[in-house]
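Have a look at the structure below, then the notes.
Heads up: numbering here begins at 1 and tracks the sequence. Worth knowing before you read on, the calculation uses all heavy atoms, side chains too, and leaves out hydrogens, waters and symmetry mates. The structure presented is a predicted model; accordingly, all values stated were derived computationally and were not measured.
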Amino acid sequence: MFCPNCGASVQGRFCAKCGTSVDAAAAPPPGAQSYNTGTAPGAHPYSAPVATAGGMAPNVAGALSYLLGFITGILFLVLTPYNQDKFVRFHAFQSIFLNAAWIAFWIVETIIMMMLPWGLVTVLSLVAMLLSLAFLGLWILLMVKAYQGERFKLPIIGDLAEKQA
């Protein structure tokens, strides 16, 4: 079960991350199987994750929205079971905005490198390679955080994604 407020995984009646009350007495979603833990009389039933059309949990869909950049971001915004989940929508929009910013950076960098003399182009190429490695690390971090069920927000892009989700 995931928190409706922050999207974190919930064990029990309250979200450990934001403290939002999760109504455990609500009926499980259609298609979910209910199991009783049997620990105590009146124990809350465990509801198994709902298999969507693709059979993916929201954390897997959120992580995959970063896989091919804006292509998978758009794909998860279009596919019916995922475009209604706020967690998946947030990560899809963040993926789209991050890759749009990276493409814009790459275009500006290319234009600047065409105007500079050869010596400065060499130095700028080394800086660009370091920035590319940093982007790769950020891309992997975002996929891991989404897979862990966290809503990891980037400073400017994350705010835009949150407004759209």
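The ring pair (Phe, Tyr, Trp, His ring centres under 6.0 Å) analysis of residues 112-135, with sequence neighbours excluded, yields the pairs Trp102-Phe135. Applying the ring pair (Phe, Tyr, Trp, His ring centres under 6.0 Å) definition to pairs two or more places apart or across chains, none involves residues 141-165.
For Gln11, the CD atom is loosely surrounded, since the number of other residues' heavy atoms within 6.0 Å does not exceed 12. Remark: Ile156 CD1 is loosely packed, at most 12 non-hydrogen atoms of other residues, nucleotides or ligands lying under 6.0 Å away.
Leu160 contributes atom CG, which lies 10.0 Å from atom CD of Gln94 (distance to the nearest 0.5 angstrom). In this structure, the separation between NZ on Lys86 and SG on Cys3 is 11.5 Å, given to the nearest 0.5 Å. The distance from atom CG of Leu124 to atom CE of Met129, rounded to the nearest 0.5 Å, is 11.5 Å.
Of all the heavy atoms in Ala101 and Ile157, the pair that sits closest is CB-CD1, 4.2 Å. Taking each heavy atom of Thr80 and Asn83 in turn, the nearest pair found is O-OD1, 2.5 Å.
When hydrophobic clusters are built by joining Ile, Leu, Val, Met, Phe, Trp and Tyr residues whose side-chain heavy atoms come closer than 4.5 Å, directly or via intermediates, Leu126 is not grouped with Leu116. In terms of hydrophobic clustering, with Ile, Leu, Val, Met, Phe, Trp and Tyr side chains grouped at heavy-atom distances under 4.5 Å, Val127 and Ile107 are assigned to a common cluster. Tyr82 and Ile71 fall within the same hydrophobic cluster, where Ile, Leu, Val, Met, Phe, Trp and Tyr residues are linked whenever their side-chain heavy atoms come under 4.5 Å apart, directly or through other members. Taken together through direct or relayed side-chain contacts under 4.5 Å among Ile, Leu, Val, Met, Phe, Trp and Tyr, Trp106 and Leu154 form part of one hydrophobic cluster. Grouping the Ile, Leu, Val, Met, Phe, Trp and Tyr side chains by contacts below 4.5 angstrom, directly or via other members, places Leu98 with Phe93.
For Ser65 (side chain) and Gly73 (main-chain N/O), no donor-acceptor pair under 3.5 Å exists by modelled atom type. At least one donor-acceptor pair closer than 3.5 Å links the side chain of Ser132 to the backbone N or O of Ala128. Of the possible polar contacts, none joining the Ser9 side chain to the Phe2 backbone as a donor-acceptor pair under 3.5 Å is found. Judged purely by atom type and a 3.5 angstrom limit, Thr20 has no side-chain atom pairing as donor or acceptor with the backbone of Cys15. Between the Arg89 side chain and the Gln84 main chain, no donor and acceptor come within less than 3.5 Å of each other.
Every residue meeting the salt bridge (charged side-chain N to carboxylate O under 4.0 Å, His left out) condition with Lys153, not counting sequence neighbours, appears here in chain and number order: Asp159, Glu162. When the side-chain contact (heavy atoms from CB on, under 4.5 Å) test is applied to Leu64, the partners found at least two apart in sequence or on another chain are Met56, Val60, Leu67, Phe76. With sequence neighbours left out, Phe70 forms a side-chain contact (heavy atoms from CB on, under 4.5 Å) with Ile74, Ile96, Asn99, Ile103.
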Donor-acceptor contacts, no H, no angles, side chain residues 136-146, under 3.5 Å, sequence neighbours left out:
| from | atom 1 | to | atom 2 | distance (Å) |
| --- | --- | --- | --- | --- |
| Trp139 | NE1 | Tyr66 | O | 2.6 |
| Lys145 | NZ | Glu150 | OE1 | 3.4 |

(Q) Met113 vs Ser125, test: side chain to side chain contact (heavy atoms under 4.5 Å, CB included). Steps then yes/no. (A) CA-CA 8 Å; Met113 288 177 86; Ser125 295; 2.8 Å; yes
